[in-house]
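This report refers to the structure that appears directly beneath it.
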Amino acid sequence: QEQPVESGGGLVQAGGSLRLSCAGSGRIISMYAMEWHRQAPGKQRELVARLSRGGTTTYADSVKGRFTISRDGTKNLVYLQMNTMKPEDTAIYYCYSAMGTWGQGTQVTVSS
């Protein structure tokens, strides 16, 4: 079963930016909707951003105007650009393909 692979997590100060990448086969990146989810300690996993196969984007209210999901079909990558980050953005971020597969997650920590 094909599994997406995330990268780009790390430690950033509040107000800073990070860009996460999700790598996969051409099939899962271009033929299915792709999503970014996150899970903070002690909390349920939540949907952060979604990119439909046709390019429509949706975002959680908590990240609207700060995060951007995008796809590069030539590189088989999906990105999550995170700007003006807040300590409450600290979580493990997961890439999900609507084919039904999850990545292993990447840790994002925002210091105040």
Side-chain angles (χ1 to χ4, degrees):
Q1 195 173 25
E2 300 179 58
Q3 182 180 25
V5 179
E6 304 94 337
S7 61
L11 175 64
V12 64
Q13 287 189 331
S17 299
L18 275 179
R19 188 178 75 165
L20 304 182
S21 298
C22 174
S25 70
R27 190 165 75 102
I28 67 171
I29 294 296
S30 299
M31 295 184 63
Y32 293 88
M34 297 295 295
E35 300 174 353
W36 285 97
H37 295 246
R38 68 186 181 188
Q39 187 166 19
K43 295 188 176 181
Q44 289 189 329
R45 192 173 297 189
E46 63 173 350
L47 175 65
V48 174
R50 187 179 191 273
L51 176 62
S52 75
R53 182 179 173 185
T56 302
T57 58
T58 54
Y59 298 94
D61 287 342
S62 58
V63 306
K64 275 181 185 175
R66 300 188 299 120
F67 290 11
T68 303
I69 187 171
S70 62
R71 176 192 285 122
D72 185 338
T74 64
K75 297 180 180 179
N76 295 333
L77 291 170
V78 172
Y79 300 107
L80 184 68
Q81 178 66 45
M82 304 183 291
N83 298 327
T84 319
M85 297 186 72
K86 304 175 181 180
E88 50 263 45
D89 294 323
T90 295
I92 299 174
Y93 284 71
Y94 298 90
C95 181
Y96 173 75
S97 165
M99 188 177 74
T101 54
W102 291 90
Q104 81 289 351
T106 185
Q107 176 70 48
V108 171
T109 303
V110 185
S111 64
S112 57

Checklist outcome for this item: Closest non-hydrogen contact found for S17 with N83 is OG-OD1, 2.9 Å
Next on the checklist: Within the 4.5 Å heavy-atom criterion, are P4 and I28 side-chain neighbours or not?
Outcome noted: yes
Next on the checklist: So does A91 get a backbone contact from the side chain of R38, meaning a donor-acceptor N/O pair under 3.5 Å?
Outcome noted: no
Checklist entry - Hey, are the side chains of T90 and V108 touching, using non-hydrogen atoms and a 4.5 Å cut-off? => result no
Item to check | Qualifying residue, where the test is side chain to side chain contact (heavy atoms under 4.5 Å, CB included) with C95 and the options are Q104, M34, Q3, E35 | outcome: M34
Next on the checklist: When you measure from the side chain of E6 to the backbone of G105, do you find a donor-acceptor pair of N or O atoms at a distance under 3.5 Å?
Outcome noted: yes
Checklist outcome for this item: dist I92:CD1 -> Q107:CD (nearest 0.5 Å) comes out at 5.0 Å
Checklist entry - CD1 of I69 to OG1 of T58: how many Å apart, nearest 0.5 Å? => result 8.0 Å
Next on the checklist: Let's go through M85 and Q13 carefully: what are the C-alpha distance in whole Å and the side-chain angles of both, what is the deciding distance for side chain to side chain contact (heavy atoms under 4.5 Å, CB included) to 0.1 Å, and is it a yes or a no?
Outcome noted: CA-CA 8 Å; M85 297 186 72; Q13 287 189 331; over 6 Å; no
Checklist entry - Do you know the tightest heavy-atom contact between Y93 and M82? => result CE2-SD, 3.9 Å
Next on the checklist: Taking K86 first and then D89, would you say they form a salt bridge - that is, a charged N and a carboxylate O separated by under 4.0 Å?
Outcome noted: no
Checklist entry - What are the two closest non-hydrogen atoms of G8 and L18, and how far apart are they? => result O-CD2, 3.9 Å
Checklist entry - Can you tell me how far OH of Y59 sits from CG of L80, rounded to the nearest 0.5 angstrom? => result 8.0 Å
Checklist entry - Under 30°, 30 to 60°, or over 60°: which ring-plane class applies to Y96 and W102, parallel, tilted or perpendicular? => result tilted
Next on the checklist: Quick one, L20 and W36 - any side-chain contact, counting heavy atoms below 4.5 Å?
Outcome noted: yes
Item to check | Lys/Arg cation over aromatic Y94: R45, 6.0 Å, 45° cone | outcome: yes
Item to check | Flag for Q39-H37: side-chain donor and acceptor within less than 3.5 Å | outcome: no
Checklist entry - Linking Ile, Leu, Val, Met, Phe, Trp and Tyr by side-chain heavy atoms under 4.5 Å, what else ends up with Y79? => result L77
Next on the checklist: Do Q81 and S70 make a side-chain contact, defined as non-hydrogen atoms from C-beta onward lying under 4.5 Å apart?
Outcome noted: no
